[in-house]
Amino acid sequence: MPEPFAELLHQLAAIATDSGTTWLFPGKLPGEPVSYTTIYRRLRTLGFPMRDARVSAIRQLVLQAPAPVVADALGFHEKSTARQVGNAGATWSRYVHR
């Protein structure tokens, strides 16, 4: 993780450890992580372009791992992740098609 985010994550981890939780982002219920929708709403409220961030993250993942692997891991259809390979600018396929 690049700076300045690395330092912020270290601080957040220290706070979580001091509060007795193992979660970096603890939820309202003891021992549970914060929900996806809560994080999504908080980031959107702060002005983060959530749709663009999600698409960018998927494109970065398919550049680092085969599209079918990403699809299986995230619950996407293989055609969706295969399309993102092209959208991400990859010019060749690194995996055997099923």
Side-chain angles (χ1 to χ4, degrees):
M1 180 67 57
E3 291 296 343
F5 301 109
E7 178 59 30
L8 293 172
L9 284 175
H10 285 295
Q11 290 175 14
L12 187 57
I15 291 168
T17 302
D18 291 343
S19 67
T21 183
T22 58
W23 294 103
L24 186 57
F25 300 102
K28 290 181 181 178
L29 298 175
E32 295 291 323
V34 69
S35 71
Y36 165 80
T37 54
T38 300
I39 289 179
Y40 180 90
R41 286 183 189 138
R42 287 179 186 170
L43 291 173
R44 190 176 59 193
T45 300
L46 292 171
F48 284 86
M50 297 308 294
R51 180 181 165 103
D52 295 341
R54 181 180 169 127
V55 170
S56 296
I58 294 169
R59 287 181 182 170
Q60 186 62 38
L61 284 172
V62 297
L63 289 175
Q64 296 176 10
V69 173
V70 174
D72 288 343
L74 299 178
F76 288 110
H77 193 277
E78 286 184 18
K79 288 184 180 181
S80 297
T81 54
R83 184 174 52 247
Q84 292 304 330
V85 172
N87 293 341
T91 58
W92 52 275
S93 175
R94 297 170 301 176
Y95 59 91
V96 178
H97 291 280
R98 290 186 192 185

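These figures come from a predicted structure and were not determined experimentally.
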Are [Y] and [X] co-members of a hydrophobic cluster defined by side-chain heavy atoms under 4.5 Å apart?
{"X": "Phe25", "Y": "Phe5", "answer": "yes"}
{"X": "Leu63", "Y": "Val55", "answer": "no"}
{"X": "Val34", "Y": "Ile15", "answer": "no"}

Minimum-distance pair of heavy atoms, taken over all atoms of [X] and [Y]:
{"X": "Ala67", "Y": "Val62", "value": "CA-CG1, 4.3 Å"}
{"X": "Gln64", "Y": "Gln60", "value": "NE2-NE2, 2.9 Å"}
{"X": "Gly31", "Y": "Trp23", "value": "O-NE1, 2.9 Å"}

- What do you reckon, is OH of Tyr40 surrounded by more than 12 foreign heavy atoms closer than 6.0 Å? yes

- Does a sphere of radius 6.0 Å around OH in Tyr36 hold more than 12 heavy atoms from other residues, nucleotides or ligands, not counting ones at 6.0 Å or beyond? yes

- Item | Side chain proximity check, Ile58 to Phe76, heavy atoms < 4.5 angstrom | yes

- Message: Is there a side-chain contact between Thr81 and Leu74 in this structure, where contact means two heavy atoms from C-beta onward sitting under 4.5 Å apart?
- Response: no

For the atom pair [atom1] ([X]) and [atom2] ([Y]), what is the distance rounded to the nearest 0.5 Å?
{"X": "Arg41", "Y": "Met50", "atom1": "CZ", "atom2": "CE", "result": "12.0 Å"}
{"X": "Leu8", "Y": "Glu3", "atom1": "CG", "atom2": "CD", "result": "8.0 Å"}
{"X": "Ile39", "Y": "Arg44", "atom1": "CD1", "atom2": "CZ", "result": "13.5 Å"}

